[in-house]
Chemist: 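For reference, the structure I am asking about is given below.
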Number of protein chains: 2
Amino acid sequence: MTAEDGPEADGGPNTGLLLFLPYRALEDRIFAALAEAGYDDFTPAQARVMQRISPDGTRLTELAAQAQITKQTAGFLVDQLEKAGYVRREPDPTDRRARLVCGAEKLWAAKEIADAVVAEVEREWEEHLGRRRYRQLREALTLLREITDPWAS
Amino acid sequence: MTAEDGPEADGGPNTGLLLFLPYRALEDRIFAALAEAGYDDFTPAQARVMQRISPDGTRLTELAAQAQITKQTAGFLVDQLEKAGYVRREPDPTDRRARLVCGAEKLWAAKEIADAVVAEVEREWEEHLGRRRYRQLREALTLLREITDPWAS
DNA sequence: CCAAATTAGTCAGAGACTCTGACCATCGTC
DNA sequence: GACGATGGTCAGAGTCTCTGACTAATTTGG
């Protein structure tokens with residue numbers, strides 16, 4: 001089972017499904033927009049790694065932990081991203097074992113498009129829900145993060 | 001990029017990430033509980049198909065459409081589930097081309113455990129947010145479904 | 001200071017997931 | 001009854017992910 005599962009008799013579908021549906025819808029929109037703009041040479045799995053790369057570069061182990069995959073898998077995906085020109089690997093000046101995965105121009109250009117789509121979709125959602133309910137939604141989700149995000153700041 | 005992506009400067013992380021985090025947390029809890037109860041002989045991909053099976057049985061094409069995978073992939077996953085004893089395939093009395101994928105005892109037993117975990121997690125969330133905010137969250141998500149779920153009833 | 005434990009990353013191999021393309025059988029329509 | 005649409009399978013390839021074993025560098029404890 002996944003989080004989409006659960007009883008649907010009493011109060012409608014379970015909250016997991018309700019969370020998942022808009023998430024997937026947003027993701028689909030982002031992918032479509034990027035593909036249309038010519039950024040069609042990466043996969044969803046690669047994207048999940050890509051989006052974790054900080055402007056200053058991020059270690060492979062850190063990427064793996066945040067994406068909840070093994071470092072071997074992360075390394076495999078970063079290899080693809082490197083070949084496609086989205087990232088570079090640079091030595092970490094503070095630790096000679098480590099290398100920093102750094103975003104290339106191509107990555108930041110793609111991210112700009114992705115950000116625009118996110119903003120557009122969020123506007124649509126706010127319009128559909130109304131300003132007040134949209135604010136309440138974000139407030140509740142932000143609170144929920146405290147008990148569901150192991151990486152919560 | 002995925003829906004987790006986006007600008008984080010202005011109003012905190014984007015709504016996609018906020019939706020995804022609790023979803024993944026719930027999914028992880030369900031998987032852990034099922035594994036502990038001995039239901040460790042299926043994969044996440046198989047689960048995404050399993051959960052779409054209605055009590056009356058569901059056609060392969062229908063499962064594929066809802067899970068957003070090809071019917072070939074759905075067939076592959078149902079094969080595994082059949083071998084593991086979670087489902088049976090029965091002829092569809094209304095269409096000789098089709099076969100209904102029906103849940104076996106093992107599936108409903110697992111679903112009972114999954115449902116219990118969902119209920120437990122939802123209780124925790126309601127406690128953390130307070131009854132009022134939790135209700136607002138579900139209300140907003142339910143409304144959002146109208147414009148993000150192609151299968152919305 | 002140095003041995004031991006830890007951490008960053010790689011290599012090799014295998015299993016699992018997903019897709020495209022091609023195909024057959026049945027259904028619905030005209 | 002012919003034809004397009006639908007339900008499903010088979011074959012093949014590419015991608016994702018894991019476990020296990022390994023090297024190199026760092027950190028820790030005496």
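Just so we're on the same page: letters track the sequence lines, and every chain starts at 1.
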Chemist: Can you tell me if A:K111 uses its side chain to pair, donor with acceptor, with the backbone of A:M50 under 3.5 Å?
Modeler: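 No.
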
Chemist: Between D:dG8 atom P and B:E90 atom CD, what is the distance in whole Å?
Modeler: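 Taking CD of B:E90 and P of D:dG8, I get 14 Å after rounding.
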
Chemist: For B:K106 and B:D41: C-alpha separation, side-chain torsions, deciding distance, then whether side-chain contact (heavy atoms from CB on, under 4.5 Å) applies.
Modeler: CA-CA 11 Å; B:K106 190 174 177 184; B:D41 54 349; 2.6 Å; yes

Chemist: Take the protein atom CG of A:D95 and the nucleotide atom P of D:dA25, then report the distance between them rounded to whole Å.
Modeler: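 A:D95 atom CG is separated from D:dA25 atom P by 10 Å.
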
Chemist: Closest nucleotide of DNA chain D for A:R97 versus for A:A45: which of these residues is on the 5' side?
Modeler: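 That would be A:A45.
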
Chemist: Taking NZ, NE, NH1 and NH2 as the nitrogens, is one of them in A:R135 or A:E139 under 4.0 Å from a carboxylate oxygen of the other?
Modeler: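 Yes, A:R135 and A:E139 are salt-bridged.
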
Chemist: Rounding to an integer number of Å, can you tell me how far B:D41 CG sits from C:dG15 P?
Modeler: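 These atoms are roughly 18 Å apart.
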
Chemist: Counting just side-chain N and O atoms, does A:R96 come under 4.0 Å of either OP1 or OP2 of C:dT7?
Modeler: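 Negative; the distance criterion is not met.
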
Chemist: Output the rounded distance in Å from NZ (A:K83) to C1' (D:dG14).
Modeler: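 The distance from NZ of A:K83 to C1' of D:dG14 comes to 13 Å, rounded to the nearest Å.
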
Chemist: Please verify the inter-ring angle class for A:F42 with A:Y86; under 30° counts as parallel, over 60° as perpendicular, anything in between as tilted.
Modeler: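 A:F42 and A:Y86: perpendicular rings.
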
Chemist: Can you tell me if A:E122 uses its side chain to pair, donor with acceptor, with the backbone of B:N14 under 3.5 Å?
Modeler: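 No; judged by distance alone, with no hydrogens or angles, the pair does not exist.
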
Chemist: Hey, any chance A:L100 and A:I53 share a hydrophobic cluster, counting ILVMFWY side chains that come within less than 4.5 Å of each other, even indirectly?
Modeler: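 Looking at the clustering, A:I53 is in a separate group from A:L100.
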
Chemist: For DNA chain D, what residues of residues 55-77 of chain B have any heavy atom nearer than 4.0 Å?
Modeler: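 Contacting residues: B:R59, B:L60, B:T61, B:K71, B:Q72.
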
Chemist: Please report the distance, rounded to the nearest Å, between CD in A:Q46 and C1' in D:dT15.
Modeler: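 Distance check: A:Q46 CD to D:dT15 C1' gives 9 Å.
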
Chemist: Between A:R89 and C:dT10, does any side-chain N or O lie under 4.0 Å from OP1 or OP2?
Modeler: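 Yes, A:R89 has a side-chain N/O under 4.0 Å of OP1/OP2 on C:dT10.
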
Chemist: Given D:dA25, is OP1 or OP2 found less than 4.0 Å from the side-chain N or O atoms of A:R99?
Modeler: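 For A:R99, the contact criterion (side-chain N or O under 4.0 Å from OP1 or OP2 of D:dA25) is not met.
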
Chemist: If I take atom CG in residue B:D92 and atom P in nucleotide C:dA25, what distance separates them, rounded to the nearest angstrom?
Modeler: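 Atom-to-atom, B:D92 to C:dA25, this comes out as 19 Å.
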
Chemist: As a quick check of understanding, evaluate side-chain contact (heavy atoms from CB on, under 4.5 Å) for A:L143 and B:R133, giving each step before the final call.
Modeler: CA-CA 10 Å; A:L143 275 172; B:R133 257 195 299 253; 3.3 Å; yes

Chemist: Can you check the B:D79 CG to C:dG15 P distance for me, whole Å?
Modeler: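 The answer, rounded to whole Å, is 18 Å.
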
